[in-house]
Amino acid sequence: MEKKAFFVLHPRRLEDLRVPHFAEQERAYRIVARVCLPKIDYENFVCDMLADRSFLENRGRECKTGTVWECLLVRQRGRRGGVLVIPERRGFVGWAAYAAKRSAAR
């Protein structure tokens with residue numbers, strides 16, 4: 001089964017990703033790398049996704065858009081869900097989507 005998520009361009013907060021949308025707006029994705037952050041770092045990330053992050057800059061070269069979007073899964077250590085990210089230059093979030101616990105575990 002193909003995994004899909006609703007990606008948002010330049011979201012500010014986690015709440016920007018958890019909005020009603022049409023199923024047709026969802027994109028197929030594949031996780032190419034995972035970033036596990038301590039609780040405080042993850043909370044800082046999801047509260048201000050417009051700040052540049054070194055962990056995105058370092059891993060962002062692996063990500064790309066296309067038929068299947070290849071993205072990072074940024075999650076809190078010890079948790080399964082998180083945020084799917086396709087970074088832009090210099091460690092900024094370009095596109096992001098919320099990954100529910102069940103889809104992030106695969």
Side-chain angles (χ1 to χ4, degrees):
M1 184 171 147
E2 185 174 73
K3 296 181 281 185
K4 292 187 171 190
F6 176 66
F7 284 83
V8 175
L9 181 63
H10 301 132
R12 175 174 289 281
R13 302 172 55 92
L14 182 64
E15 292 81 18
D16 296 339
L17 307 177
R18 300 172 81 179
V19 295
H21 62 275
F22 293 108
E24 299 83 34
Q25 295 174 303
E26 294 181 354
R27 306 219 179 243
Y29 72 89
R30 182 170 67 90
I31 298 170
V32 296
R34 290 172 171 74
V35 177
C36 297
L37 300 174
K39 181 178 181 179
I40 190 72
D41 293 337
Y42 181 77
E43 289 175 1
N44 286 336
F45 172 67
V46 297
C47 288
D48 185 10
M49 288 192 261
L50 295 180
D52 64 324
R53 308 289 177 166
S54 61
F55 64 84
L56 293 179
E57 184 175 10
N58 297 336
R59 303 300 300 264
R61 293 175 192 88
E62 303 172 47
C63 303
K64 63 182 177 182
T65 58
T67 305
V68 176
W69 289 25
E70 298 179 349
C71 53
L72 300 175
L73 172 63
V74 179
R75 65 180 179 87
Q76 179 181 325
R77 188 172 294 137
R79 303 289 177 133
R80 293 171 63 191
V83 179
L84 302 167
V85 177
I86 297 180
E88 287 186 340
R89 66 203 173 348
R90 299 187 317 257
F92 291 96
V93 172
W95 291 93
Y98 175 70
K101 292 179 184 179
R102 83 169 200 270
S103 59
R106 294 183 178 168

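Quick note: numbers below take in every heavy atom, side chains included, and nothing from hydrogens, waters or symmetry partners. Keep in mind that this is a model prediction, so the values were computed, not measured.
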Trp69 vs Phe7 aromatic rings, parallel, tilted or perpendicular, using cut-offs 30° and 60°? tilted
Ignoring hydrogens, what is the shortest heavy-atom contact between Pro11 and Leu50? Give both atom names and the distance. O-CD2, 3.5 Å
Is there a donor-acceptor pair closer than 3.5 Å between any side-chain N or O of Asp16 and the backbone N or O of Arg12? yes
Taking the side chain as every heavy atom from C-beta outward, state whether Asp48 and Arg53 have any atom pair closer than 4.5 Å. yes
Can you name the nearest heavy-atom pair linking Arg75 to Arg80, along with the distance? CD-O, 4.1 Å
Looking at every non-hydrogen atom in both residues, tell me the closest pair between Lys64 and Ile86 and how far apart they are. O-CD1, 4.0 Å
For Ala96 and Val83, which heavy atoms make the closest approach, and how far apart are they? CB-CG1, 4.0 Å
Can Leu56 be reached from Leu14 by stepping across I, L, V, M, F, W or Y side chains whose heavy atoms are under 4.5 Å apart? yes
Search all heavy atoms of Glu15 against all heavy atoms of Val19 and return the closest pair with its distance. O-CG1, 3.7 Å
Measure the shortest side-chain to side-chain distance between Leu72 and Phe55 over non-hydrogen atoms and say whether it is less than 4.5 angstrom. no
For the residue pair Trp95 and Leu84, establish whether any side-chain heavy-atom pair is separated by less than 4.5 Å. no
Stepwise side-chain contact (heavy atoms from CB on, under 4.5 Å) check, Phe45 with Val35: CA-CA 12 Å; Phe45 172 67; Val35 177; over 6 Å; no
Any side-chain heavy-atom pair from Leu73 and Tyr29 closer than 4.5 angstrom? no
At their closest point, which heavy atom of Pro38 faces which heavy atom of Arg77, and how far apart are they? CG-NH1, 3.8 Å
Transitive ILVMFWY side-chain link Val93 to Phe6, under 4.5 Å: yes
More than 12 heavy atoms of other groups within 6.0 Å of Arg27 CZ: no
Yes or no on side-chain contact (heavy atoms from CB on, under 4.5 Å) for Leu17 and Met49, after CA distance, side-chain angles and deciding distance? CA-CA 11 Å; Leu17 307 177; Met49 288 192 261; 3.8 Å; yes
At what distance, to the nearest 0.5 angstrom, does CD of Glu70 lie from OG1 of Thr65? 9.5 Å
